[in-house]
Amino acid sequence: MSLSVGLVAHDRRKPEMADWLAQHIDEFTHYKIFATGTTGRVLQERFPHLDIVALKSGPFGGDQQLGSMIAHGQLQAMFFFTDPMTPQPHDVDVRALIRLANMYEVPIACNRSTADLLISNPRFLEICEQYRGHSPEQIFAEYTGRKI
């Protein structure tokens, strides 16, 4: 089964994301890539040979589309280069996406150094596959079984 990976970058980090992807192009030729709208278009232009699906732009629902993919077990890793110095009008969507990645044990890197560590890990594929189909409902059974 092919690995599905999310790529997202805030506006000021898009060039960095593209440069980082160029450094790791060999690994990504084997993955299906889902990216939020503008990030996806930037990457499609630079890497037309890669399998990149551009979703909606983040503020228009792209972050939520990726979150839905995580909740349905369709995304196994995410690289999200955030810009901590620029206010994001859709910050609640960004936080929700990162929260879902944490709940479903989806490896996520929010900066280049962490992305380098993640993608260069010799167990990267094994780790991503290990948590495919992870059910947080089982872990948080006390929450899901609560009386209202």
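Quick note: residue numbers are just sequence positions, from 1. Computed from a predicted model, the values in this text were never measured in an experiment.
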* Atom OH of Y104 and atom CZ of R132: how far apart are they, to the nearest 0.5 Å? -> 15.5 Å
* Check side chain to side chain donor-acceptor pair (under 3.5 Å) between H72 and all other residues, then give those that pass, not counting sequence neighbours. => S68
Which donor-acceptor pairs under 3.5 Å do the side chains of residues 92-103 make with protein atoms, sequence neighbours left out?
{"unit_1": "D93", "atom_1": "OD1", "unit_2": "Q64", "atom_2": "NE2", "d": "3.1"}
{"unit_1": "R95", "atom_1": "NH1", "unit_2": "D91", "atom_2": "OD2", "d": "2.7"}
{"unit_1": "N102", "atom_1": "ND2", "unit_2": "I98", "atom_2": "O", "d": "3.2"}

* Asked: Between CG of L118 and SG of C128, what distance do you get to the nearest 0.5 Å?
  -> 6.5 Å
* Asked: Going by the salt bridge (charged side-chain N to carboxylate O under 4.0 Å, His left out) test, which pairs reach into residues 43-62, not counting sequence neighbours?
  -> D19-R46, K32-D51
* Donor-acceptor contact below 3.5 Å, side chain T114 vs main chain C110 -> no
* Asked: So, do V106 and Y131 sit near enough that their side-chain heavy atoms are less than 4.5 Å apart?
  -> no
* To do: Any pair with a residue in residues 65-75 that passes salt bridge (charged side-chain N to carboxylate O under 4.0 Å, His left out), sequence neighbours left out, goes on the list, sorted by first then second residue, please.
  => none
* Asked: Is W20 reachable from V5 through a run of I, L, V, M, F, W or Y residues, each pair having side-chain heavy atoms under 4.5 Å apart?
  -> yes
* **For the student: nearest non-hydrogen atoms of A54 and G40, plus distance** => CB-CA, 4.1 Å
* To do: With sequence neighbours left out, write down each residue that passes side chain to side chain donor-acceptor pair (under 3.5 Å) with S57, or none if nothing qualifies.
  => none
Got a list of side-chain donor-acceptor pairs under 3.5 Å for residues 74-85, not counting sequence neighbours?
{"unit_1": "Q76", "atom_1": "OE1", "unit_2": "S4", "atom_2": "N", "d": "2.8"}
{"unit_1": "Q76", "atom_1": "NE2", "unit_2": "G73", "atom_2": "O", "d": "3.3"}
{"unit_1": "D83", "atom_1": "OD1", "unit_2": "M85", "atom_2": "N", "d": "3.1"}
{"unit_1": "D83", "atom_1": "OD2", "unit_2": "T86", "atom_2": "OG1", "d": "2.6"}

* Asked: Between CD of E27 and OG of S120, what distance do you get to the nearest 0.5 Å?
  -> 8.5 Å
* **Pairs meeting criterion salt bridge (charged side-chain N to carboxylate O under 4.0 Å, His left out) with involvement of residues 65-78, two or more places apart** => none
* Structure fact -> Rounded to the nearest 0.5 Å, the CZ atom of F28 sits from the CG atom of L43 at a distance of 9.5 Å
* **Under the ring pair (Phe, Tyr, Trp, His ring centres under 6.0 Å) test, residues paired with H30 that sit two or more places apart** => none
* Considering only heavy atoms from C-beta outward, does the side chain of V8 approach that of M17 to under 4.5 Å? -> no
* Which residues share a side chain to side chain contact (heavy atoms under 4.5 Å, CB included) with L55, sequence neighbours left out -> F34, V53, Q65, L66, M69
* Asked: Excluding sequence neighbours, so at least two apart, what forms salt bridge (Lys or Arg N to Asp or Glu O under 4.0 Å) with R123?
  -> E126
* salt bridge (Lys or Arg N to Asp or Glu O under 4.0 Å) partners of E16, counting only residues at least two apart -> R13
* Structure fact -> The side chain to side chain contact (heavy atoms under 4.5 Å, CB included) partners of L50 (sequence neighbours excluded) come to L21, I25, T29, I33, F47, I52
